[in-house]
Amino acid sequence: MGDMKRSVSYPTNLLLSKMEGRDSHGRSVPRKRSSTMVQLSSLRATQRMFMMLLGVTVLSLLGWHMHDRWKRRHDDADHRGCPAPIYGLDSSLESESARNGTRIVICTGAYANVVDGVSRTLNRLVKDLNDRSDGDNYKILILAPVRDPPAMEHFGAQLPLPSMKLPFRGEYSFSYTLSDCVIQRLTEFRPDIMHIATPDLVASQVQQWAIDRNVPVVCSYHTRFTSYLPYYFKGVTLDAIDSTIWWWLRKFHQRCDHIYPPTQGVVDELVHQGFPKEAMRLWPRGVNLTKYSPKYRSEPMRRSWNITDDSTVAMLMVTRVVWEKNLKKFISACTALLEGGAPVRCVLVGDGPALPRVRELLPSAVFMGSLHKSELSTAYASADIFFFPSITETWGSVTLEAMASGLAVVVASGPGGSELVEDGVTGLRVNTSHFGATVTSLSKLVHDNGLRRRLALAGRARVLNATDWSWDHAMGMLKQHYAEILEERRGGSVHGNMSVHGGDGLGKEGVWPATGFQ
């Protein structure tokens, strides 16, 4: 029986040893991919592609099914029964009609429907372009989902896109189709530039519409989507979704004439993932030095945080309260500091779906909710340390706002936000995966008033003297990029890596394809 067992098990062990790169005696051998392994790899790739195409098909069918329902839901419609533009703080039908400069369409998934870094940046962009009086009287149309009531006041003329709330993330909306109404509006608007900020399904349709009409497409890169995945998925599922998203992002951005990442670190990441290097153009952001300043420090606000003397240090985080902002590191760090006897009060400003759970896990913290305008300025200036452990940022506006407010900042290392901080000079950069070292750095900063003050002063000086972090500089760069792409198009260049073809952008019998990808 023992010999029979050995005769049965030996081929199995031999097969396993060869798959692991060893011979039957346990010696290392050059690793070869067997036909079985190649077939399995091909099968997994086919499964991933099938699931992705199935998802796109389902979303497309759902979009067409819901289209008529969406049109009926909008009461504010013009004589054709299509939704009318929604005019913002600086716009009206009369003011928009008077503009006769470069016509720009901005397509985004976040504008007035949610308050986040993307919506804040794009609203600032539209406001600045509308306000500029240096020769080009820009005419701008924003394509974005809407919600009632809106999450924030917006700038410019916004055309609603057919959309629905995302499951489990109701603060965001998913735009599922480019409706006939929107196509008609785009045709009437006759854009010179198509600026896409969210690479979703409807954006791919807008992109194709522009390509078919030889309208240059520029794509600003705001979100490191794949960095969100580990907070929601694990194992094989994570790998499959990660590779599928990168496939989509590569294909989408290969069809953009320009790509606008905010930092060199993000450029390097995208090029490494196969994005076209020749399309990259830096577009940094700015910080409002009038709004964010140490002069807004408020002792009454500190007393409301139960801080009654200078011995207690306020450690602040300003963020959307969602897990992908690495909230668990903030919670753990606050807990460890308090258990170690550090004189610290943790303060969280922001709102989001994770807030109830964060309250449970960190009951000693102060939760301010969403703050805006002067209240936000006061909250920043009234703290002492700004700890931002997020590793999903492409820029990090809150980091600059904290530096401008005179705080000592501690940020997570990685592309995006950490590039704004010179470690040990204008702030601290920490590897949040090394939790002990992170807590040690925070504890030292809490206890060392001199270090805290030195970093805060150097950080504010860097912001004050950095012309490359001003909104004037950021808008000037973007205008140069716009001018460059218009000049290239007048010179008859091809669209990205693809030749431009004519057509009306519609498939057979007027049916819009799910995407323009080939």
Side-chain angles (χ1 to χ4, degrees), residues 60 63-64 67-68 70-71 74 76-88 91 93 96-97 99-113 122 125-126 129-130 138-146 154-163 173-220 252 255-258 482 485-486 489 495-496 500-507 509-517:
S60 299
W64 287 112
H67 173 50
D68 288 337
W70 168 79
K71 285 200 293 186
H74 286 77
D76 184 18
D78 65 9
H79 62 279
R80 288 177 305 228
C82 293
I86 302 171
Y87 295 103
S91 63
L93 177 60
E96 293 302 317
S97 299
R99 294 182 177 276
N100 57 7
T102 302
R103 297 181 298 277
I104 302 171
V105 170
I106 298 175
C107 181
T108 176
Y111 200 65
N113 56 313
L122 294 178
L125 164 62
V126 172
L129 289 178
N130 281 341
Y138 290 97
K139 188 179 182 71
I140 302 170
L141 179 66
I142 302 102
L143 307 182
V146 298
H154 75 277
F155 292 90
Q158 177 182 348
L159 188 63
L161 287 175
S163 62
S173 298
F174 173 75
S175 299
Y176 46 78
T177 185
L178 187 61
S179 67
D180 294 338
C181 289
V182 176
I183 293 173
Q184 180 64 30
R185 294 286 190 186
L186 285 175
T187 303
E188 294 172 351
F189 189 77
R190 295 181 297 113
D192 298 304
I193 294 174
M194 186 68 70
H195 183 151
I196 297 176
T198 306
D200 56 14
L201 185 62
V202 77
S204 71
Q205 299 170 4
V206 170
Q207 185 185 55
Q208 186 64 45
W209 184 94
I211 291 174
D212 286 344
R213 287 155 180 80
N214 199 26
V215 175
V217 178
V218 301
C219 301
S220 50
F252 187 96
R255 293 156 54 87
C256 300
D257 292 287
H258 282 180
Y482 283 166
I485 198 63
L486 289 174
R489 186 50 51 92
H495 186 96
V500 178
H501 302 287
D504 62 0
L506 300 176
E509 299 178 356
V511 177
W512 188 271
T515 73
F517 296 167

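These values consider heavy atoms only, across backbone and side chains, with no hydrogens, waters or symmetry-generated copies.
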Check: Side chains of I142 and H154: does their closest heavy-atom pair fall under 4.5 Å?
Finding: no

Item checked: Considering all heavy atoms, the nearest P216-I485 contact -> CB-CG1, 3.6 Å

Margin query: Quick check: do L143 and V202 have side-chain heavy atoms less than 4.5 Å from each other?
Written below: no

Notebook entry, point to check: Any side-chain heavy-atom pair from V105 and F189 closer than 4.5 angstrom?
Noted result: yes

Next item on the list: Could you tell me the separation between the CD1 atom of I106 and the CD1 atom of I196, rounded to the nearest 0.5 Å?
Entry: 11.5 Å

Notebook entry, point to check: Hey, does R99 have a side-chain heavy atom less than 4.5 Å from the side chain of I140?
Noted result: no

Note to self: Regarding Q208 and D212, do their side chains bring together a donor and an acceptor under 3.5 Å, going by distance alone?
What the structure shows: yes

Check: Quick one: CG on N113 to CD on Q158, what's the gap to the nearest 0.5 Å?
Finding: 7.0 Å

Notebook entry, point to check: Below 4.5 Å, heavy atoms only, C-beta onward: do R185 and P85 meet side chain to side chain?
Noted result: yes

Item checked: Pairing residues for S91 by the side-chain hydrogen bond (donor to acceptor under 3.5 Å, both in side chains) criterion, not counting sequence neighbours -> none

Next item on the list: Report yes if some heavy atom in the side chain of W209 is under 4.5 Å from a heavy atom in the side chain of T187; otherwise report no.
Entry: yes

Item checked: Side chain to side chain, Q207 and C256, heavy atoms closer than 4.5 Å -> yes

Item checked: Main-chain N/O of V218 paired to D257 side chain as donor or acceptor, under 3.5 Å -> no

Notebook entry, point to check: Taking C-beta and beyond as the side chain, do M194 and L186 meet within less than 4.5 Å on heavy atoms?
Noted result: yes

Note to self: Give me the atom names and distance for the closest heavy-atom approach of L122 to A110.
What the structure shows: CD1-O, 3.9 Å

Next item on the list: List the steps, then state whether side-chain contact (heavy atoms from CB on, under 4.5 Å) holds for I104 with Y482.
Entry: CA-CA 10 Å; I104 302 171; Y482 283 166; 3.4 Å; yes

Note to self: Show me the pairs that pass salt bridge (Lys or Arg N to Asp or Glu O under 4.0 Å) and involve residues 198-211, at least two apart or across chains.
What the structure shows: none

Checklist line | Closest contact, heavy atoms only, L486 versus D192 | finding: CD2-O, 3.6 Å

Next item on the list: Give a yes or no answer on whether the side chain of T198 reaches the backbone of G109 with a donor-acceptor pair at less than 3.5 Å.
Entry: yes

Item checked: Side-chain donor or acceptor of Q184 paired with backbone N/O of S179 under 3.5 Å -> no

Next item on the list: Look up atom CG in L159 and atom OH in Y111, then write down how far apart they are to the nearest 0.5 Å.
Entry: 13.0 Å

Check: Atom CG of L129 and atom CZ of F155: how far apart are they, to the nearest 0.5 Å?
Finding: 12.5 Å

Next item on the list: Measure across S220 and H195 and return the closest heavy-atom pair with its distance rounded to 0.1 Å.
Entry: OG-NE2, 2.8 Å

Margin query: Checking V217 against R255 for the side-chain contact (heavy atoms from CB on, under 4.5 Å) test, could you report, in this order, the C-alpha distance in whole Å, the side-chain angles of both residues, the deciding distance, and whether it holds?
Written below: CA-CA 8 Å; V217 178; R255 293 156 54 87; over 6 Å; no

